[in-house]
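The structure under discussion appears below in the form of structure tokens.
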Amino acid sequence: MKNIVILGSTGSIGMQTIDILDSIDAKVCAISVNTNIVRAEQQARQLHPSVVAVYNEEKAKELKMKLADTDIRVVSGMDGLIEAATFPEADVVVTAVVGMVGLLPTLAAIDAGKDIALANKETLVCAGQIVMKRAREKGIAILPVDSEHSAIFQCLQGAAGNRLSRILLTASGGPFFGMSREQMRHVTKEQALHHPNWSMGAKITIDSASMMNKGLELIEAMWLYDVEPDDIDIVVHRESIVHSAVEFEDGSVIAQMGNPDMRLPIQYALTYPERLPCKVPPVDLPRRHSLTFFAPDEEAFPTLGLARRAAAARGNLGAVMNGANEAAVALFLQDRIPFYRIPELVKEAMDAVDYMPDIRVEDVLESDCAAREIVHSLIR
Ligand code: MG
């Protein structure tokens, strides 16, 4: 039986992780939430974890009272998240929180020798070199949950030690596929929040609409698989059946397919190297008739070029890009900026913050803050 921690248990990935628990042999020993203590209480009573961490201090006090009749410990703030992430009996930590807030708990979990089922791509975007180096030193596994990175990982199981020569990172293209930059000046929040294939949280859905999600994933893939950004091609695949592919030296391409449902990559990360029956039905290819592939429109989606720039530069530029994007997406969700301003603000922050080639954790946190401040100063 595996003991697991779920950071971000009330979000989309956290809920789907809980949904597959009965398909795998796992016990949840700690969970963390941001503010949703109503769902946290339900989950605590259902799963009986030893620890529930609530990031928001006030909400933590409320939950403590709600769970007073149990022996579940409620902890709070970043210290609480770290306590959950390093729970002594835990074998693997599912990092399903959204954004940069996942960095410190992930590093703490690695230091404590836990394997990481990584759904929090921002951690690698901001601090890939630090996280991967520490994971190597500690000898722990980083098991990708992101569907594309899980696909690459699954394809590599058939590599027999051969190095991949290219990654074909597939992208749905989101709701604005085929639109010009000019047409995207007039899109609404409702349109941006309506993803054609995947049901996800608000932040990643907006990132998919701007294609920043694919940019973040390019950087995530670069760190996870130690490849140059130029060896990663983004391929728009509207049906989201091929979740990504790898190419080898002889030109052979191996792809992984499945229905667009996150429960499959989550389950594989938790049962690897074993495969167990899963709730997601297999793909019915004859019913699909055709699968389509397109080159991305980098002119209409400038986020892709920004991500390539951050990937090539490494250093603190990933943290700057990510921090600016998180701030800009939040402003868009609050109806304070139009959609097309998101990549513009990210670019302006990337141009403005001082570039640092070698980074420590403190530099990542500072670059993230600096990027957010620039975005806020630009819209005042
Ligand atoms: Mg993905």
Side-chain angles (χ1 to χ4, degrees), residues 8 10-13 15-16 34-36 97-101 119 121-122 125 146-148 169-218 234-240 260-262 292 294-307 310 320-351 371-380:
T10 57
S12 173
I13 297 289
M15 301 271 286
Q16 294 181 82
N34 183 17
T35 56
N36 189 345
V97 295
V98 179
M100 208 0 228
V101 68
K121 63 191 79 178
E122 292 90 343
V125 171
D146 210 344
S147 60
E148 295 78 0
L169 187 71
T170 52
S172 72
F176 304 142
F177 171 76
M179 279 193 189
S180 67
R181 208 166 171 169
E182 178 54 36
Q183 285 171 310
M184 260 183 281
R185 290 185 78 82
H186 312 290
V187 297
T188 65
K189 186 165 84 178
E190 287 63 37
Q191 288 172 307
L193 281 171
H194 186 75
H195 196 279
N197 302 345
W198 294 93
S199 151
M200 307 178 287
K203 197 263 176 178
I204 185 172
T205 304
I206 299 304
D207 284 346
S208 294
S210 71
M211 288 199 81
M212 178 56 94
N213 184 50
K214 213 46 57 181
L216 298 173
E217 289 182 353
L218 178 134
I234 294 169
V235 179
V236 176
H237 166 52
R238 297 294 285 159
E239 297 84 5
S240 298
D261 188 316
M262 287 307 295
T292 59
F294 304 89
D297 183 347
E298 302 214 8
E299 159 79 33
F301 295 94
T303 50
L304 296 175
L306 296 173
V320 173
M321 182 189 81
N322 180 72
N325 182 60
E326 283 190 33
V329 170
L331 290 166
F332 172 67
L333 288 170
Q334 294 158 16
D335 300 308
R336 292 172 61 193
I337 58 168
F339 184 74
Y340 71 87
R341 281 294 281 154
I342 297 173
E344 289 181 359
L345 289 167
V346 173
K347 179 179 185 299
E348 286 168 66
M350 287 171 73
D351 291 343
R372 289 168 196 264
E373 273 168 29
I374 289 167
V375 167
H376 286 116
S377 72
L378 287 168
I379 63 140
R380 248 174 238 134

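The analysis underlying the following values was restricted to heavy atoms, covering all of them including side chains, and did not include hydrogens, waters or symmetry mates. Just so you know, these numbers come straight off a predicted model, no measurement behind them.
- For the side chain to side chain contact (heavy atoms under 4.5 Å, CB included) test, residues two or more places apart in sequence or in another chain that qualify with Pro296 are Ile234, Val236, Glu298, Leu304.
- Ser208 is listed as a side-chain neighbour of Met200, based on a closest heavy-atom distance under 4.5 Å.
- Closest approach of Thr303 to Pro343, counting heavy atoms only: CG2-CB, 4.0 Å.
- Proximity of a side-chain donor or acceptor of Glu122 to a complementary backbone N or O of Val98 within less than 3.5 Å is not detected.
- Between Met212 atom CE and Leu306 atom CG the span is 6.0 Å, to the nearest 0.5 Å.
- At least one side-chain heavy atom of Asn325 sits under 4.5 Å from a side-chain heavy atom of Asp207.
- In this structure, the side chains of Thr10 and Thr35 stay at 4.5 Å or more apart for every pair of heavy atoms.
- When atom types are taken as modelled, the side chain of Glu326 and the backbone of Met100 share a donor-acceptor pair closer than 3.5 angstrom.
- Note that the CD1 atom of Ile342 and the CD1 atom of Ile206 stand 6.5 Å from one another [nearest 0.5 Å].
- Under the 4.0 Å criterion applied to side-chain N and carboxylate O atoms, Glu344 and Lys347 are not assigned as salt-bridge partners.
- Judged by distance alone, the side chain of Arg341 and the main-chain N or O of Ile379 form no donor-acceptor pair under 3.5 Å.
- Side-chain contact between Met321 and Val125 is present, with at least one heavy-atom pair separated by less than 4.5 Å.
- Leu333 and Ala202 make their closest contact through CD1-CB, 4.2 Å (heavy atoms, listed as atom of the first residue, atom of the second, distance).
- Of the possible donor and acceptor atoms, one in the side chain of Asn197 sits under 3.5 Å from a partner among the backbone N and O of Arg238.
- With hydrogens and angles ignored, the 3.5 Å screen pairs a side-chain donor or acceptor of His237 with a backbone N or O of Thr292.
- Contact of the Ser180 side chain with the Glu299 side chain is not registered, since no non-hydrogen atoms from C-beta on lie closer than 4.5 Å.
- Ion pairing between a basic and an acidic side chain is recognised when a charged N comes within 4.0 Å of a carboxylate O; Lys121 and Glu148 show no such pairing.
- At distances below 3.5 Å, not a single donor-acceptor pair connects side-chain atoms of Thr170 with backbone N or O atoms of Val235.
- Taking the six-membered ring for Trp and the full ring otherwise, the centers of Phe339 and Phe176 sit less than 6.0 Å from each other.
- Between atom NE2 of residue His194 and atom OG1 of residue Thr188 there is a gap of 11.0 Å, rounded to the nearest 0.5 Å.
- Annotation: the span from Asp146 atom CG to Asn213 atom CG amounts to 6.5 Å, rounded to 0.5 Å.
- No side-chain donor-acceptor contact under 3.5 Å links Ser377 and Glu373.
- Residues Leu345 and Ala328 share a closest heavy-atom pair of CD1-CB, 4.3 Å.
- Phe332 contributes atom CZ, which lies 13.5 Å from atom NZ of Lys203 (distance to the nearest 0.5 angstrom).
- Residues Pro175 and Gln191 have side chains not in contact (no heavy-atom distance under 4.5 Å, counting atoms from C-beta outward).
- The two atoms that bring Ser172 and Ser240 nearest to each other are CB-OG, 3.5 Å, heavy atoms only.
- In this structure, the separation between CE on Met184 and OH on Tyr340 is 13.0 Å, given to the nearest 0.5 Å.
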- Message: Run the side-chain contact (heavy atoms from CB on, under 4.5 Å) test on Trp198 and Met262 for me, step by step, so that the C-alpha distance in whole Å, both residues' side-chain angles and the decisive distance to 0.1 Å come before the verdict.
- Response: CA-CA 9 Å; Trp198 294 93; Met262 287 307 295; 3.5 Å; yes
- Please step through side-chain contact (heavy atoms from CB on, under 4.5 Å) for the pair Leu331 and Val375, ending with a clear verdict. CA-CA 9 Å; Leu331 290 166; Val375 167; 3.7 Å; yes
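- Ala371 approaches Gly323 most closely through the heavy-atom pair CB-C, 4.2 Å.
- Formation of a donor-acceptor pair under 3.5 Å by the Arg372 side chain with backbone atoms of Ala324 is not found in this model.
- Here the side chains of Asp297 and Met211 are not in contact, with every heavy-atom distance at 4.5 Å or above.
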